[in-house]
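Notes follow once the structure below has been shown.
Numbering starts at 1 and runs along the sequence shown. Order of appearance sets the numbers: ligands from 1, and atoms from 1 within every ligand.
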Amino acid sequence: MDDLIDLSSGQVVEALPEAAIKALSDAVASDRVTAYAPMAGEARLRTAVAGHYARRTGADADPAHVTVTAGARHGLFCVATAVARDAEVLVPRPHWSHYPEMLRLAGACPVFVPGAPDAGLLVHPGLLEAARTPRTKAVIVNSPVNPTGSGYGPQELTALRDWARHRDVRLIIDDIYWAYGGDESGGVRPGRHEIVVGGASKVHALAGARIGWVWADPALTATLRGIVEHTTGPVSTLAQAAAAAVVEDDEAVPERSRRMSDQRAHAIRELTRVPLLRVLRPRGGIYLCLDASRLAAARPEWRDDRLLCADLESAAGVKVRAGSTFGLPGYLRLCVAVPPERLSEAARRMAKFVRATDRSG
Ligand code: PLP
């Protein structure tokens, strides 16, 4: 169908801010762009990232403990390689679609831990403990969660932290969506049992630059820099210049976060009106999940949520992701970071699609 409404990916697309444009053109005009960046990352970016964590958490964040990676995805891969090769990593389910394969490629074994249905599908120490074995080295904690938008509050995070410390398991905090409604805790605290992976893609709207980072203890930092050296090598100087500018000048973040919150509320209102689909209420994030079980009851072949997505795309021109990609079969995931009028139009099309099914079924 022409005029597809694509809600399937998770991007926050905006015009590049002046500060980033200037940083890029300064970098282009300098000799820095013809040279390799330092292996750990440009000092300006690592200082900006450390400054961000110091402001946000009150911790004494040292740029020497920050390593720049080619996106948070690469940061997560480096961490998994460093701490969990030949070992198990607990992965709360539902989860970001890339964790399982990323962990396997890093030589680790993902062990899925289904989240509690009465707690927003989040995990708690009892669930982690039941899944732990002598081979468990880490657990990945993402908040707000991609795909559900559930989030760990201060008490829940403290409980996970205590559990990890007492079992000598590392918390790998995937902090990529921190500003979108999941950070009432005051955030993260790296140390031997906590590793923070962040990036510029979502909160700073700079996905194309492919900049991420890891904030970790000194020993792990040394290992991570070795992994960066032998995989991507130093990250692009141009991309780091743009990222440093947006992380230093983070005044845009609260405004972006407010806008996302409005878009999320709008999406919930609109999609709640679609018959036979139930909105899973998010706490934050840039996505929404819809329970499609009643719709699948009307058309049994749609118990395969991938088929439902394909039919929704071809018949209604709305592209969303199948929940099974995220360990949440029977659900649909969509991104709310789109103009509200597009979201309203998507909801109208989905309602029409569902009504047509209901009549024919
Ligand atoms: N972690 C989660 C939960 C994500 O959803 C994503 C991107 O969608 C990433 C990490 C990767 O971010 P980056 O673009 O920095 O690689």
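Looking at Y180 and Y287, their side chains never bring a donor and an acceptor atom within 3.5 Å of each other. The closest side-chain donor-acceptor pair between T67 and R225 falls under 3.5 angstrom. Between the side chains of E88 and T133, a donor-acceptor pair is found at a separation under 3.5 Å.
Residue-level proximity to ligand 1 for Y99 is carried by the side chain, the only part with a heavy atom below 4.0 angstrom.
Of all the atoms in ligand 1, the ones that sit under 4.0 Å from a non-hydrogen atom of N142 are 3 (C). Shown in contact with G71 at under 4.0 Å from a heavy atom are these atoms of ligand 1, numbered in order with element: 15 (O), 16 (O).
Cation-pi geometry between R56 and W178 is met: the NZ or CZ atom falls under 6.0 Å from the ring centre, inside 45° of the normal.
The protein atom (non-hydrogen) at minimum distance from atom 9 (C) of ligand 1 is W96 CH2, 3.3 Å. Taking atom 5 (O) of ligand 1 as the reference point, the nearest protein heavy-atom neighbour is Y177 OH, 2.6 Å. The protein heavy atom nearest to atom 3 (C) of ligand 1 is D174 OD2, 3.3 Å.
Taking 4.0 Å as the cut-off, R210 counts as a neighbour of ligand 1 on heavy-atom distance. Under a 4.0 angstrom heavy-atom cut-off, K202 registers as being in contact with ligand 1. The closest approach between a heavy atom of A72 and any atom of ligand 1 is below 4.0 Å.
Remark: aromatic rings of W163 and H193 are distant, center separation not under 6.0 Å. Between Y331 and W302, the distance separating the two ring centers is not shorter than 6.0 angstrom.
Each of L171, L128, V169, V123 was evaluated against L90; a single residue qualifies, L128, per the side-chain contact (heavy atoms from CB on, under 4.5 Å) test.
Among G198, S201, G212, the residue whose heavy atom lies nearest to atom 14 (O) of ligand 1 is S201.
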